[in-house]
Amino acid sequence: MKRPKSKEFRKQQRLSEEDEINLLNSWIQAQQPDSGTNPMSLPPLPKTSPIGRLADNTFSRYAGVVRFEQLPLSKKTKDALRASKFVSMTDIQRASLPHALCGRDVLGAAKTGSGKTLAFIIPVLEKLYRERWEPEYGVGSIIISPTRELAAQIFDVLKAIGKYHGFSAGLLIGGRKEVALEKESVNKLNVLICTPGRLLQHMDETTNFDCSQLQVLVLDEADRILDSGFKKELNAIISQLPKRRQTLLFSATQTKSVQDLARLSLKDPEYLSVHEESVTATPTLLKQIVMTVPLDQKLDMLWSFIKTHLQSKTLVFLSSCKQVKFVFEAFKKLHPGIPLKCLHGRMKQEKRMAIYSEFCEKRSVLFSTDVAARGLDFNKAVDWVVQVDCPENVASYIHRVGRTARYKSDGKSVLFLLPSETQMLEKLKAAKVPVHLTKPRKELLQPVSSLLASLLVKYPELQQRAQRAFVTYLRSIHLQKDKEIFDVLKLPIDEYSASLGLPMTPKIRFLNRNIKSKAVSTKSILVEPEGRNKENVLEGSKGKPSTVVFKDEETENDLLHVADTSNEGNMTSTEIEGLVPATRLLKKKKLKINLHRPLGNRVVFDDDGNKLPPLATIADPQSGKGTSIIDPEQKAEYYKRMREDLKKADKEDKLVERQRLREKRIKQKMKWKGGDEDEEDNQDDISGSEGDETVNRRQKKSKIYFDSDSDEGERKEASRDQLAEQEALALKLLQSMQA
Ligand code: ADP
Ligand code: MG
């Protein structure tokens with residue numbers, strides 16, 4: 001049923017701009033919701049009751065208002081909203097817009113994908129409109145985002161909703177060449193959407209950069225902008241902004257810290273957390289599963305996942321750029337049968353943007369660091385979020401999985417936890433994140449380690465990537481703050497190295513001696529049989545529904561199913577065969593690999609000519625369900641043999657390759673000196689804890705503001721300082737290990 005249009009609305013249709021603004025001002029003034037109320041929580045009014053007067057005498061003219069059209073918004077904004085098919089408001093929009101429109105500071109918290117962007121874009125446009133802002137008035141609003149991709153996405157929303165207004169807006173993000181151009185135009189822009197680093201660069205370098213008239217400051221992903229990673233930049237920015245302004249903060253994981261808020265000098269902020277009462281902290285349509293996966297089986301699991309979800313759009317999170325690069329390059333060479341892409345902070349900006357929009361459009365697998373963890377709304381829905389490496393904390397988990405199940409769509413996510421990381425499960429549950437513990441169907445696992453080993457022999461460059469991925473992963477675990485979850489000494493280092501296809505465990509310069517000496521004494525922990533760990537964890541999941549099976553709708557694969565041993569073996573062999581379609585491409589690739597393999601005795605076929613997983617020959621057929629299928633000792637022995645074989649085989653190749661690499665490195669160095677490198681390969685990076693952006697900052701302290709956005713232009717500087725800084729870091733780590 002259509003609600004009758006309000007008197008104000010009908011009047012608005014007939015007015016000139018000036019009259020409209022007067023009407024809006026008095027409309028907003030008259031309808032101010034009481035401070036501290038959530039206008040949305042007030043139930044719709046019965047037709048007969050006096051407008052806005054509720055049983056408990058709370059007053060809200062907005063009670064029962066559900067459509068944008070019913071709000072005191074300019075016709076220009078309303079028309080644009082309608083043109084973009086935004087009709088009904090989401091909860092956070094209903095709760096925060098009435099407060100934000102009357103100029104109050106707002107701290108908005110609502111689940112991922114619940115429409116927070118419009119909740120700040122609309123008040124920004126309306127404020128400037130009602131102030132009759134002209135292009136020559138300069139900067140009227142600044143919107144800060146932690147990443148470039150998110151800034152670009154907000155910019156798109158602003159363009160769509162502000163299309164009938166006459167404001168100028170600019171996207172100021174790092175990594176773009178047009179700084180000079182930006183400097184010329186920045187003073188003519190009314191709305192700036194920026195990353196902290198680039199904004200500060202302009203504040204410091206652009207002559208006459210003036211934001212003294214700023215009306216509205218917005219921090220999207222506010223808790224991220226306020227955390228230690230951006231502290232220096234943000235403090236410097238805030239110190240240059242006028243105190244009299246409106247401030248809007250939004251995030252799915254909002255900060256309530258008085259200290260943080262004091263930095264922003266908020267005035268009686270309205271704290272609107274619309275999902276606080278909600279049973280879950282994540283979207284209701286998101287199905288979330290967790291699996292314990294031993295470190296040396298993570299890649300097997302990821303590969304098997306991809307192979308059994310070829311019809312899905314999947315976003316895979318790994319802990320560092322190095323991990324992303326290695327897994328992406330290696331898997332690409334193995335042709336899984338779905339396009340693969342990668343995204344991380346060390347790519348050129350144009351490439352980053354291109355990958356981002358390609359992933360929006362096409363079904364594919366995107367390997368990413370946390371650079372894609374926050375805010376991004378991939379417009380054609382993501383089906384699966386796979387977290388291969390454990391996120392640094394619960395907030396990070398919530399943002400990563402929040403890339404799927406956005407607005408009214410559903411989505412699925414899976415988190416791989418090491419047996420030593422199962423504490424995370426408790427933390428997730430405590431934070432109202434409904435996760436189901438699931439056990440992989442081992443019979444569907446498609447081991448990839450042996451394929452990787454062959455690849456690494458064939459492509460020594462890939463071997464280098466594998467080594468870097470290995471070292472960076474260990475370092476990222478070592479640097480994690482939450483020591484209850486992350487313990488580098490509990491990791492099966494040799495097995496992990498072998499699982500990446502490496503012929504031998506690389507030396508970990510900064511940790512090696514310490515880890516090795518401790519690792520020997522804790523060997524029993526390191527190679528704890530998987531079965532035992534899993535059983536321990538399963539106990540924690542008692543009481544969970546055990547019949548839920550999350551299937552990939554298109555392929556009906558269920559590599560993952562909720563832990564329930566009674567389900568095992570339910571599939572017939574034909575069903576299983578149907579689930580593991582080997583693509584022609586892959587077969588071809590396998591043949592190719594076999595041709596060049598240094599040794600011919602590793603691939604094993606069964607009676608029907610099917611290739612057996614390399615570990616199948618040593619699988620223990622006696623072991624029961626829920627326990628390890630592979631005898632750990634035999635496995636260790638197998639890995640040892642495999643390593644020795646490979647070591648022998650690639651010795652000569654290595655010599656040649658070493659020479660080639662040396663030449664390449666020299667060339668690359670020359671290129672760096674000349675500037676203009678694309679990606680910084682020799683720099684260890686860990687994005688697991690604070691995302692790509694922070695790591696760059698940490699390593700390039702001397703240039704704090706340019707690089708907070710991983711500004712490629714600054715990388716030259718960084719590489720020069722890099723060695724000294726890495727040494728300093730290594731020393732620090734060593735000291736902390738010894739302490
Ligand atoms: P959040 O910032 O809360 O994670 P977004 O602002 O990115 O969420 O919005 C998520 C999705 O919901 C976007 O695709 C957006 O276009 C859509 N959306 C937001 N508000 C509405 C609305 N009122 N009606 C329909 N779709 C909406
Ligand atoms: Mg958002």
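When reading the values below, keep in mind they use all heavy atoms of this one structure, side chains included, and skip hydrogens, waters and symmetry mates. Just so you know, ligand 1 is whichever comes first in the structure, and atom 1 is the first atom listed for that ligand. These numbers come from a predicted model, not from an experiment.
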Ser96 and its side chain to side chain contact (heavy atoms under 4.5 Å, CB included) partner, picked from Leu101, Val106, Leu248: Val106
Return a table of N or O atom pairs, ligand 1 on one side and protein on the other, at distances under 3.5 Å, rounded to 0.1 Å.
from, atom 1, to, atom 2, distance (Å)
ligand 1, 3 (O), Ser114, N, 3.0
ligand 1, 3 (O), Gly115, N, 3.1
ligand 1, 3 (O), Lys116, N, 3.0
ligand 1, 3 (O), Lys116, NZ, 2.8
ligand 1, 4 (O), Gly113, N, 2.6
ligand 1, 4 (O), Arg406, NH2, 2.8
ligand 1, 6 (O), Lys116, N, 3.3
ligand 1, 6 (O), Thr117, N, 3.0
ligand 1, 6 (O), Thr117, OG1, 2.5
ligand 1, 7 (O), Arg406, NH2, 2.8
ligand 1, 8 (O), Gly115, N, 3.1
ligand 1, 8 (O), Arg406, NH2, 3.3
ligand 1, 14 (O), Asp377, OD2, 2.5
ligand 1, 20 (N), Gln93, NE2, 2.9
ligand 1, 23 (N), Ser88, O, 2.7
ligand 1, 23 (N), Gln93, OE1, 3.0
ligand 1, 24 (N), Tyr407, OH, 3.0

Go through the structure and list residues passing ring-ring contact (aromatic ring centres under 6.0 Å, His included) with Phe167, not counting sequence neighbours. His165
Trp384 and His309 aromatic ring geometry - parallel, tilted or perpendicular at 30°/60° bounds: perpendicular
My understanding is that only residues two or more places apart in sequence, or in another chain, count here; which of them pass side chain to side chain contact (heavy atoms under 4.5 Å, CB included) with Arg403? Thr112, Leu315, Phe317, Leu376, Phe378, Val385, His399, Arg406
Sequence neighbours left out, what passes side chain to side chain contact (heavy atoms under 4.5 Å, CB included) with Ala110? Give chain and number order. Ile92, Ser114, Lys116, Val274, His275
So if I apply the side chain to side chain contact (heavy atoms under 4.5 Å, CB included) rule between Gln387 and each of Val401, Val290, Leu318, which one comes out positive? Val401
